[in-house]
Amino acid sequence: MSRVGKSPVTVPAGVEVSIKDGQISVKGTGGALSMVQNPLVNVTSDAGKLSFVPANESREANAMSGTMRQLVNNMVVGVSKGFEKKLSLVGVGYKAQAQGARLNLSVGYSHPVNIDMPAGISVATATPTEIVIKGADRQRVGQLAAEIRAIRPPEPYKGKGIRYVDEKITIKETKKK
């Protein structure tokens, strides 16, 4: 059995988990998330713990038990604590401004880049060169951060662009005669 799938998911106080009709729903202070249950995995709830057991002995069911466990764990953590990604802008004149559910970027193009935030995701800019994306759904937060980074990815010679805060950019040496 999968090593990840063996460990149960503990449900903290204030979080409700319901398993009905092949649907797993998680509700908490950060919102409500749901996902379709895979038929290869049996999910049982007892005393505030969710356990995931493969439905049969196939390799696919074994792998899917660990995947389902981690996806449900991400949902539980998301509705209780939430997830966040931090981006930084490096470059002269590069700045970001959050206006409600919209992010305005000035990153060296002839026009400003405006991005509307999807429902359930908030964006904040503490300083003009820092962007903080927060939400309950880990996949959507990470995907949105990747899309914002793709607008102006860091270039390898000066390191200018939008990057994750913990990202290390390897700077190339310029050509010499």
Same cluster or not: Y94 versus V123, using hydrophobic residues (I, L, V, M, F, W, Y) connected whenever any side-chain heavy atoms lie under 4.5 Å apart?
yes
Sub-4.5 Å side-chain heavy-atom contact between F83 and N74:
yes
For S80 and V15, the nearest pair of non-hydrogen atoms, with its separation, is CB-CG2, 4.0 Å
Shared ILVMFWY cluster between L144 and V132, side chains joined below 4.5 angstrom?
no
With a sphere of 6.0 Å drawn around OH of Y157, does it hold more than 12 non-hydrogen atoms of other residues, nucleotides or ligands?
no
Between M64 and E60, is there a side-chain heavy-atom distance shorter than 4.5 Å?
no
Do V141 and V72 belong together in a cluster built from hydrophobic side chains that touch within less than 4.5 Å?
no
Where do P12 and V76 come nearest, in terms of heavy atoms and distance?
CD-CG1, 3.5 Å
Can you tell whether the side chains of K86 and E84 come within less than 4.0 Å, N to carboxylate O?
yes
Here the pair of heavy atoms bringing A98 nearest to A124 is CB-CA, 4.2 Å
Using a cut-off of 6.0 Å, state whether more than 12 heavy atoms not belonging to K175 lie near its atom NZ.
no
Could you tell me whether K85 sits above the aromatic face of Y164, with NZ or CZ closer than 6.0 angstrom to the six-membered ring centre and within 45 degrees of the axis?
yes
Between the CE atom in M75 and the CG atom in L33, the distance rounded to the nearest 0.5 Å is 5.5 Å
Would you check if V17 and L50 make a side-chain contact, meaning some heavy-atom pair closer than 4.5 Å?
yes
Please check if M117 and L89 belong to a single hydrophobic cluster, counting links between Ile, Leu, Val, Met, Phe, Trp and Tyr side chain heavy atoms closer than 4.5 Å.
yes
Closest non-hydrogen contact found for P39 with A55 is O-CB, 3.8 Å
Could you go through the side-chain contact (heavy atoms from CB on, under 4.5 Å) check for L87 and V165 one step at a time?
CA-CA 5 Å; L87 299 168; V165 168; 5.9 Å; no
Heavy-atom check, side chain of K134 versus side chain of I121, under 4.5 Å:
no
Could you tell me if the side chain of K176 sits less than 4.5 Å from the side chain of T174, heavy atoms only?
yes
Ignoring hydrogens and angles, tell me if any N or O in the side chain of E155 forms a donor-acceptor pair with the backbone of K158 under 3.5 Å.
yes
Do V11 and K49 make a side-chain contact, defined as non-hydrogen atoms from C-beta onward lying under 4.5 Å apart?
no
More than 12 foreign heavy atoms under 6.0 Å from CD of Q23: is that the case here?
yes
A side-chain contact here means heavy atoms from C-beta on lying under 4.5 Å apart; do K160 and P154 qualify?
no
How long is the gap from CG on L103 to CD1 on I133, to the nearest 0.5 Å?
7.5 Å
Could you tell me the separation between the CG atom of N73 and the CE atom of M68, rounded to the nearest 0.5 Å?
12.5 Å
Under the 3.5 angstrom rule, does the side chain of R140 hit a backbone N or O of P118 as a donor-acceptor pair?
no
In this structure, CD of Q37 is separated from CG of L40 (nearest 0.5 Å) by 10.5 Å
If I take atom OG from residue S65 and atom CD from residue Q70, how far apart are they, to the nearest 0.5 angstrom?
11.5 Å
Take V26 and M35, measure what side-chain contact (heavy atoms from CB on, under 4.5 Å) needs, and give me the verdict at the end.
CA-CA 9 Å; V26 181; M35 69 177 285; over 6 Å; no
Answer yes or no: is there a donor N or O on one side and an acceptor on the other, between the side chain of T125 and the main chain of P128, under 3.5 Å?
no
At what distance, to the nearest 0.5 angstrom, does OG of S34 lie from CD1 of I24?
10.0 Å
Could you tell me whether the side chain of R163 reaches within less than 4.5 Å of the side chain of V90, counting heavy atoms only?
yes
Taking CD in E173 as the centre, count heavy atoms belonging to other residues, nucleotides or ligands within less than 6.0 Å. Is the count above 12?
no
Testing the basics here: between G31 and V79, what is the closest heavy-atom pair and its distance to 0.1 Å?
O-CG1, 3.4 Å
Looking only at side chains, do T44 and S51 share a donor and an acceptor under 3.5 Å apart?
yes
Applying the 4.5 Å side-chain criterion to the ILVMFWY set and letting contacts propagate, would Y109 and I162 be lumped into a single cluster?
yes
Minimum-distance pair of heavy atoms, taken over all atoms of K27 and A32:
CG-CB, 3.8 Å
